[in-house]
Amino acid sequence: MGKRRAAISGLSRFLQANEEPPAKKRKTDESQWVEAYDASDLVHHYTRASEVPEHLSKYFAQRTRFFSLYSSGCLLDEEGWYSVTPERIADRIAERCRCGTILDAFCGVGGNAIAFAKTCERVIALDISPTRLALARHNAQIYGVADRIEFILSDYISFANSYLSIPSNSSPRKIDVVFLSPPWGGPAYISGDTRPSSPVKPSSEHPTYSLASIQPVHGGDLFRLSRKITNNIAYYLPRNTQLSEIGALLDADEHKNEMVEVEEEWMGSKLKALTCYFGGLAEGQSELYEQSL
Ligand code: MGP
């Protein structure tokens, strides 16, 4: 018989709780390992290049960049291999997002959530996949931070709509920062528009990526929904995203003086991604941090 996995909290439980659970002391001691959070039976932990399917081999080669503690048993599923944020980039983003409560809207296998647990009082990590959520918690446990993260099985759109529907007089738990690292449409993002319905374009050396290819909804809609929760958004986007589209997220009439800061995430000589900081997260705009929209 398989082992029983400890329950992952659901959306309604989160929404009902007005009080934030007290931040617990970080446990790094190996004796704190919770057997029920061990997800080793869900995916294979590759140790040799010869075991890895060919299409994942370039990601396996970067395993310790993704998780410096990979050899302690970190686990990734297929989507995790190609979309996890490399640890040094995740740590950098987490430093910039330092706050009370952060919502990691698409936590995947946990690379960012683990980093946020080092800089934020409380991390709410959502994912629509029960497997990926279990892998995220397993990985967080390896880093000794699982108890600082609230893992919630939910799709972000439902979560956000439910959160926003709570009447303000019943004081929903305050979320200071929303981090968006949504699916970009798979590894093909680099060849430009990944929407199945989009016409085939002639190949060019630098095809641009459109926010329309973001899943599960247009990247612009995802941003606007998130801004109803907080001003302070960090948005992790493909390196080939059109900058004009990022700028256009801040509608000129509504956000007259607001700026977006776009940070290039380089590893060595390779540009990996862009992180776009909005609201009080952008340099020189701290007055927007607490301002309601
Ligand atoms: P990449 O370009 O697929 O990898 O992703 P790499 O190794 O730079 O490829 P190369 O062939 O150009 O050398 C670069 C980074 O983007 C990854 O490490 C992830 O952090 C991020 N990333 C990639 N994808 C496909 C996604 C995605 O769908 N969603 C999110 N949030 N991040 C992604």
Side-chain angles (χ1 to χ4, degrees), residues 46 49 52-68 70 74 76-94 96-97 102-116 125-129 131-133 135-136 139 155-157 177-196 203-223 226 233-241 245-246 262-277:
Y46 299 117
V52 181
E54 205 182 320
H55 67 290
L56 295 180
S57 58
K58 81 164 185 177
Y59 305 109
F60 177 72
Q62 303 178 62
R63 62 198 177 281
T64 54
R65 282 185 165 187
F66 297 153
F67 289 112
S68 60
Y70 179 82
C74 289
L76 300 92
D77 68 346
E78 169 124 358
E79 188 168 324
W81 277 114
Y82 66 70
S83 58
V84 67
T85 305
E87 186 169 308
R88 289 189 58 198
I89 297 177
D91 283 341
R92 158 81 189 162
I93 297 170
R96 298 225 26 193
C97 291
I102 189 160
L103 172 63
D104 182 355
F106 304 87
C107 81
V109 295
N112 292 100
I114 291 168
F116 291 138
L126 302 190
D127 207 279
I128 196 172
S129 153
T131 299
R132 267 194 300 284
L133 208 57
L135 300 182
N139 295 334
D155 81 278
Y156 173 58
I157 308 299
V177 173
V178 173
F179 175 66
L180 299 171
S181 177
W184 298 345
Y189 81 88
I190 200 65
S191 17
D193 198 334
T194 62
R195 285 171 297 169
S203 64
S204 81
E205 216 183 317
H206 300 292
T208 51
Y209 179 86
S210 163
L211 296 182
S213 295
I214 284 192
Q215 293 164 3
V217 294
H218 189 295
D221 295 335
L222 193 62
F223 174 77
S226 307
I233 310 287
Y235 207 162
Y236 191 67
L237 289 171
R239 58 186 189 255
N240 53 336
T241 309
E245 270 199 84
I246 298 172
V262 179
E263 183 170 87
E264 294 185 339
E265 307 296 4
W266 288 81
M267 292 202 77
S269 58
K270 185 96 212 282
L271 176 59
K272 288 283 177 183
L274 306 176
T275 313
C276 308
Y277 295 100

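In this chain, numbering begins with 1 at the start of the sequence shown. We use all heavy atoms of the structure for the numbers below, so side chains are in, but hydrogens, waters and symmetry mates are not. Whatever order the structure lists them in is the order used to number ligands and atoms, beginning at 1.
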Within the 4.0 Å heavy-atom cut-off around ligand 1, the contacting residues, ordered by chain and number, are K58, Y59, Q62, Y82, S83, V84, T85, P86, S181, P182, P183, W184, G186, Y189, Y236, R239, K270, K272

Residues passing the side-chain hydrogen bond (donor to acceptor under 3.5 Å, both in side chains) test with E87, sequence neighbours excluded, are S68, Y143

One should read off an interatomic distance between T85 OG1 and E265 CD, to the nearest 0.5 angstrom, of 9.0 Å

The ring pair (Phe, Tyr, Trp, His ring centres under 6.0 Å) partners of Y46 (sequence neighbours excluded) come to H44

One should read off an interatomic distance between S83 OG and L76 CG, to the nearest 0.5 angstrom, of 9.0 Å

Does the ring centre of W184 sit less than 6.0 Å away from the ring centre of Y189? yes

By ring pair (Phe, Tyr, Trp, His ring centres under 6.0 Å), F67 pairs with (sequence neighbours left out) none

